[in-house]
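Step one of this worksheet: look at the structure below.
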Amino acid sequence: VGPYVLVTPNETRRKRLQQIAKKELDDLEQWKKEHRPGPITLVPQRLGGNESEAQVRQNQQMTLMQSKYQKKHKREEYVKAKKAAEEDEILKKKAIQREKAERLEVKKRQEEMQRRQMLLEDQMYKTNELLNRLDTGLPKSDSCRIANPGPESTAWKRSHAYKQALREDENRRLEEMKQEQQRKAELMEFKQKQEEEARTRAHQKEQRSCLQSLLIFYCILRVNNAFLDRLQNKTQPNNIYQLGYTG
């Protein structure tokens, strides 16, 4: 510990401060006594309202029961809304699954049709190949077939008739496909013609509306010019312009 200096207290200053503090405390106590609130005087009256205790208890019980019923009703409404939302979500999922199943069914049907078509083409190709082998193996001369009618001639006739039937069937299918394509082309042409007519009508209507607007503007312009001419004739007595001139 370093050196320090001891300062003796000033007794006179201490007494003066104590006297000032005591005087302030006395003044505070005197002020409290002077401003002390007086006695409270109230007019006697009956409390508790106009209802009896039993009626108040009954009303409280009814309010409590109503609040319970209201809470129950709100809870039931919440459950119903939640159930309805879940049912809507389930219906949406079912609709999505149904759409997927329909697309899958259409895809399977298309694949089945393609498979049948390929099988039919393969069968026709093999049949034609068999018939061609039979044609190459049989005699080509008509005299031979007439002179020596036998089982080979009968087989050749059968194969020729079957091949002719296949060709007719194939030609019929090609003709049906051509007719279908022609019908589609005619329908497309008809639709294009209708669309072209609709566009032409819309263009004509737009042109008519533009012409009407121009006519209205021209009429307004003529009226304004005539008014300005009359106004200028009134303001200028020695008018150098001729009558009937519109600027």
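Any value given below was found using the heavy atoms of this structure, including those in side chains, with hydrogens, waters and symmetry copies removed.
No side-chain heavy atom of Lys23 sits under 4.5 Å from any side-chain heavy atom of Gln19. At a threshold of 4.5 Å between non-hydrogen side-chain atoms, the residues Arg173 and Asp169 count as touching. Contact annotation: the side chain of Lys68 never approaches that of Lys72 to less than 4.5 Å [non-hydrogen atoms, C-beta and beyond]. Residues Arg36 and Lys33 are in side-chain contact: their nearest non-hydrogen atoms beyond the backbone lie under 4.5 Å apart. When side chains are defined from C-beta on, Leu42 counts as touching Ile40, because their heavy atoms get closer than 4.5 Å. Phe190 places none of its side-chain heavy atoms less than 4.5 Å from the side chain of Glu186. Put simply, the side chain of Glu111 does not reach to within 4.5 Å of the side chain of Arg115, judged on heavy atoms.
Between Glu76 and Lys80 there is no salt bridge, since none of the side-chain N atoms of the basic residue sits less than 4.0 Å from a carboxylate O of the acidic one. One finds a salt bridge joining Lys126 and Asp122 here, because a Lys/Arg side-chain nitrogen approaches an Asp/Glu carboxylate oxygen to under 4.0 Å. Of the charged side-chain nitrogens involved, at least one lies within less than 4.0 Å of a carboxylate oxygen, so that Arg183 and Glu180 count as a salt-bridged pair. Ion pairing between a basic and an acidic side chain is recognised when a charged N comes within 4.0 Å of a carboxylate O; Glu196 and Arg199 show such pairing.
The CD atom of Glu197 sits 12.5 Å away from the CD atom of Gln192 when rounded to the nearest 0.5 Å. Taking CG of Leu25 as the reference point, atom CD of Gln30 lies at 13.5 Å (rounded to 0.5 Å). Within the model, atoms CG of Asn225 and CZ of Arg230 stand 11.0 Å from one another, a figure rounded to the nearest 0.5 Å. Between the CD atom in Glu87 and the NZ atom in Lys94 there is a gap of 9.5 Å [rounded to 0.5 Å]. Atom-to-atom distance recorded for Thr200:OG1 and His203:NE2 is 8.5 Å, nearest 0.5 angstrom. Leu91 contributes atom CG, which lies 9.5 Å from atom CD of Glu89 (distance to the nearest 0.5 angstrom).
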Take Lys193 and Glu189 through the test side chain to side chain contact (heavy atoms under 4.5 Å, CB included) and record every step on the way to the result.
-> CA-CA 6 Å; Lys193 188 176 180 181; Glu189 185 178 359; 5.6 Å; no
Any chance you could lay out the salt bridge (Lys or Arg N to Asp or Glu O under 4.0 Å) test for Lys108 and Glu112, step after step, and finish with the verdict?
-> CA-CA 6 Å; Lys108 286 183 178 179; Glu112 183 67 20; over 6 Å; no
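Within a 6.0 Å radius of CZ in Arg103, other residues, nucleotides and ligands contribute more than 12 heavy atoms. Within a 6.0 Å radius of CD in Gln61, no more than 12 heavy atoms belonging to other residues, nucleotides or ligands are found.
For Met118, the side chain to side chain contact (heavy atoms under 4.5 Å, CB included) test picks out no residue, with sequence neighbours left out.
A donor-acceptor contact shorter than 3.5 Å is absent between the side chain of His73 and the backbone of Tyr69.
For the side-chain hydrogen bond (donor to acceptor under 3.5 Å, both in side chains) test with Arg172, the passing option among Glu176, Glu168, Glu175 is Glu176; the others fail.
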